[in-house]
Amino acid sequence: MTTSSFPIISKPAIEDMETKPNLDYDKVRGNFDWQQMYDELDWLPGGGLNKAHEAIDRHANGRNRDKIAMIWEGKNGEKETYTLRQMKEQSNKFANVLTSLGIEKGDRVFIYMERLPELYFAFFGILKVGAVAGPLFSAFGPDPVKDRMLDSEAKVLVTQPDLRRKITPIIPVLFELQHMVIVNKNNRDPQPLMSGDLSYEEEMSKATANFDTVITSQYDYSIMHYTSGTTGKPKGAVHRHQAVVQQYATGKWALDLQEDDIYFCTADPGWVTGTSYGMIAPWTNGVTQLIYEGGFRASKWYQLIQDYNVTVFYTAPTAIRMLMKAGDDIPGRYDMSSLRFMASVGEPLNPEAVVWGNDVFGMPFHDNWWQTETGAIMCANYACQDVNPGSMGRPIPGVELGIVDDEYNEVPVGEDGNLVVRPTWPSMFHTYWNNTEMYNSRFRKGWYITGDTARVDENGYYWFVGRADDVINTAGHLVGPFEVESALIEHPAVAEAGVIGKPDPIAMEIVKAFVSLKDGYEESTELRRDIMRFSRQKLAAAVAPRELDFVPTLPKTRSGKIMRRLLKARELGLPEGDTSTLEDD
Ligand code: AMP
């Protein structure tokens with residue numbers, strides 16, 4: 001049974017494949033033991049484990065030291081390359097800068113930057129001192145930065161002049177913040193440093209390139225990413241160095257990374273794909289990675305693939321739908337013959353997009369599923385297996401997935417239910433920062449509850465059904481409605497706000513807000529625009545509402561909670577369902 005009317009895309013037998021895939025799924029999954037992957041890592045002297053050592057230093061200390069690790073193209077067309085040895089030296093220097101600032105194991109150091117090489121040097125430098133790296137999405141406005149910096153009590157923020165200026169108003173309330181290190185790439189910004197800020201370039205010029213990575217154990221914290229839930233502010237999902245085991249393994253199996261690959265991952269390090277698969281997985285696998293600072297432009301992406309001979313391409317469904325919209329003729333204008341494997345993550349990948357890849361590039365997009373909390377790919381379509389368009393594929397070796405009902409009992413094959421994972425897997429998050437209660441609430445009857453609904457077919461392929469909560473997935477970014485509502489009600493005219501995800505053909509969902517006004521304010525196009533502008537400035541264009549309707553009141557439960565489900569049903573003209581908890585008008 002499949003749930004897609006699209007035919008299966010068959011693959012030749014492994015023996016007949018030109019590039020032999022890293023994984024023979026059926027062979028490996030049956031008697032797999034994670035120890036095999038632990039043994040493939042280098043480990044620190046004395047048995048410690050550190051992601052920076054596995055990704056950078058172990059290669060830089062060996063025969064691949066002069067191999068290009070990073071090919072960088074800036075948004076203004078600048079081009080730079082860095083070998084593994086240079087990556088090691090630069091990250092060592094930054095580790096020395098942090099040490100000189102008094103940063104120690106366990107401290108949080110956050111990065112709020114665009115995709116510049118220095119972001120990557122800083123990231124690995126943070127890991128080398130044993131601190132916890134927190135990358136923030138550079139398009140965020142001051143509010144999301146403030147929430148995350150306050151919650152994590154980060155001591156250092158590495159940023160750029162323009163982003164520094166953007167968040168100036170929140171700096172006085174960040175009581176734990178001790179230093180801001182400003183990267184002025186290629187002197188792009190002519191203005192002098194703000195008082196108290198440190199120049200990255202100056203600090204790096206004083207630092208030496210020798211540094212002994214602080215011994216971290218596999219259980220020490222390494223990275224935190226904030227992710228949205230249904231209620232409250234985003235939570236910091238904390239990962240340990242141990243996650244590198246699964247990031248390495250899945251880079252090999254689900255992305256089929258091989259030594260000579262040129263890999264292009266379009267995710268930003270502000271989101272988990274950008275660290276797990278934009279840093280750790282590719283470099284632990286020793287491949288050359290293309291990093292492009294600029295945003296989406298179909299012809300530019302095709303040109304990058306052509307110019308740098310990209311072989312493996314990992315992107316997201318919204319981007320694929322935008323490529324489809326740009327037209328089938330554009331890829332034909334470029335030489336795409338270097339490509340040999342394409343994968344996608346972050347949202348449901350519609351079967352049409354999988355088939356489109358096959359028609360236009362001669363290979364399907366391989367969808368895979370995972371989330372911030374899982375730290376690494378959990379379910380995938382593999383190079384070695386037929387692709388079932390519309391399916392997220394099969395669990396990676398060593399991972400057990402399940403589909404359960406609301407009492408956490410497994411449901412029969414083919415039935416919809418909650419997608420759950422059997423703890424523990426190596427890249428499992430270890431806590432939500434300062435929120436153990438919320439962390440514990442994600443585990444029930446021996447399962448980790450993902451918040452997604454799905455079904456599995458008799459061949460073991462998983463099919464995404466939806467989210468079990470109100471979290472919105474817009475262009476692959478999870479948006480918590482509460483965070484947007486909180487920003488909206490800070491506008492002087494707004495009394496109450498309710499936010500939903502509205503289906504959209506490209507971005508899957510867009511953020512839609514319903515707003516009731518305070519007495520004395522009149523609905524008008526201008527006010528609507530003003531509220532939307534206000535929320536964009538506070539949050540980020542990617543997170544702020546794209547549509548806003550004025551309503552006299554919002555539907556609420558008797559206990560005062562906004563009934564987003566009802567707002568959504570009304571917006572989409574669907575049945576309103578159970579309204580017994582609706583407060584009386
Ligand atoms: P994040 O934690 O921001 O990476 O978002 C994870 C969520 O994105 C998952 O829980 C799903 O709701 C969604 N997601 C990720 N990958 C897929 C996929 N392949 N198909 C459908 N939804 C996905």
Side-chain angles (χ1 to χ4, degrees), residues 40-45 48-74 78-100 109 111 113 115-131 133 158 181 183 185-186 200-216 222 241 244 247-248 251-252 257-265 269 274-275 277-293 308-312:
E40 287 190 22
L41 298 178
D42 198 37
W43 297 80
L44 291 171
L49 190 63
N50 187 291
K51 285 175 172 165
H53 176 80
E54 299 300 330
I56 307 295
D57 288 14
R58 79 148 151 169
H59 304 296
N61 297 340
R63 68 181 167 86
N64 276 339
R65 64 179 69 88
D66 294 321
K67 180 174 176 176
I68 303 288
M70 186 197 311
I71 302 169
W72 178 76
E73 189 169 315
E78 311 97 304
K79 293 184 173 83
E80 294 176 8
T81 55
Y82 295 91
T83 62
L84 280 153
R85 184 171 29 194
Q86 288 168 321
M87 296 278 297
K88 176 181 171 181
E89 286 167 0
Q90 294 299 314
S91 52
N92 277 355
K93 279 181 163 220
F94 195 72
N96 281 317
V97 170
L98 289 175
T99 306
S100 74
V109 177
I111 305 174
M113 284 180 70
R115 288 184 297 277
L116 300 177
E118 291 73 11
L119 183 164
Y120 299 81
F121 307 151
F123 179 83
F124 287 111
I126 296 167
L127 297 181
K128 285 183 174 183
V129 296
V158 189
V181 183
V183 179
K185 177 82 185 163
N186 300 338
Y200 173 91
E201 290 76 17
E202 252 176 67
E203 296 301 312
M204 289 288 274
S205 70
K206 290 187 274 179
T208 77
N210 299 321
F211 187 82
D212 289 330
T213 296
V214 167
I215 302 288
T216 45
S222 55
H241 282 280
V244 66
Q247 289 155 350
Y248 164 73
K252 222 179 185 38
L257 293 174
Q258 313 219 1
E259 198 173 348
D260 293 332
D261 275 322
I262 312 284
Y263 168 71
F264 180 25
C265 169
T275 53
Y277 295 94
M279 299 196 204
I280 314 289
W283 283 322
T284 49
N285 276 285
V287 304
T288 299
Q289 181 167 208
L290 167 66
I291 290 160
Y292 175 54
E293 187 194 1
Y308 296 107
N309 293 311
V310 169
T311 54
V312 178

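This structure is a prediction, so every number in the text was calculated from the model and none was measured.
- Remark: the backbone N or O of Y292 is paired with a side-chain donor or acceptor of R115 at under 3.5 angstrom.
- The only member of Y200, Y120, F124 that meets side-chain contact (heavy atoms from CB on, under 4.5 Å) when paired with F94 is Y200.
- Side-chain contact check for Q90 versus M204: some heavy-atom pair is nearer than 4.5 Å.
- Partners of Y248 according to the ring pair (Phe, Tyr, Trp, His ring centres under 6.0 Å) rule, which considers only residues two or more places apart in sequence or in another chain, do not exist here.
- Counting only heavy atoms from C-beta outward, the side chains of Q247 and K51 approach each other to under 4.5 Å.
- Side-chain polar atoms of D261 and T311 form a donor-acceptor pair below 3.5 angstrom.
- The nearest pair of heavy atoms linking W283 to G278 is CZ3-O, 4.2 Å.
- Among R58, K128, H53, the single residue meeting the side-chain contact (heavy atoms from CB on, under 4.5 Å) criterion with K88 is K128.
- Judged by distance alone, with hydrogens and angles left aside, the side-chain atoms of N96 form a donor-acceptor pair with the main-chain N or O of T208 at under 3.5 Å.
- A heavy-atom distance below 4.5 Å is found between the side chains of V183 and E201.
- Distance alone, capped at 3.5 Å, places no donor-acceptor pair between the T288 side chain and the A69 backbone.
- Using a cutoff of 4.0 Å between basic side-chain nitrogens and carboxylate oxygens, E80 and K185 are scored as salt-bridged.
- For the pair T275 and F123, the tightest heavy-atom approach, listed with the atom from each and the gap, is CG2-CE1, 4.0 Å.
- Summarising the geometry of A95 relative to G125, their closest heavy-atom pair is CB-O, 3.7 Å, with the distance given to 0.1 Å.
- Taking each heavy atom of E293 and G74 in turn, the nearest pair found is OE1-CA, 3.3 Å.
- At most 12 heavy atoms of other shown residues, nucleotides or ligands fall within 6.0 angstrom of atom CG in D212.
- Looking only at side-chain heavy atoms (C-beta outward), T216 and S222 stay at 4.5 Å or farther from each other.
- In terms of heavy-atom proximity, V97 sits nearest to E203 at CG2-O, 3.7 Å.
- Applying the side-chain contact (heavy atoms from CB on, under 4.5 Å) test between E259 and each of V287, N64, N285 identifies N64 as the sole match.
- Two residues are said to be in side-chain contact when any heavy atoms from C-beta on lie closer than 4.5 Å; K79 and Y308 meet this criterion.
- Take Y82 and apply the ring pair (Phe, Tyr, Trp, His ring centres under 6.0 Å) test, not counting sequence neighbours, and it matches F121.
- Under the 4.5 Å side-chain criterion, counting only non-hydrogen atoms from C-beta, H59 is not in contact with K67.
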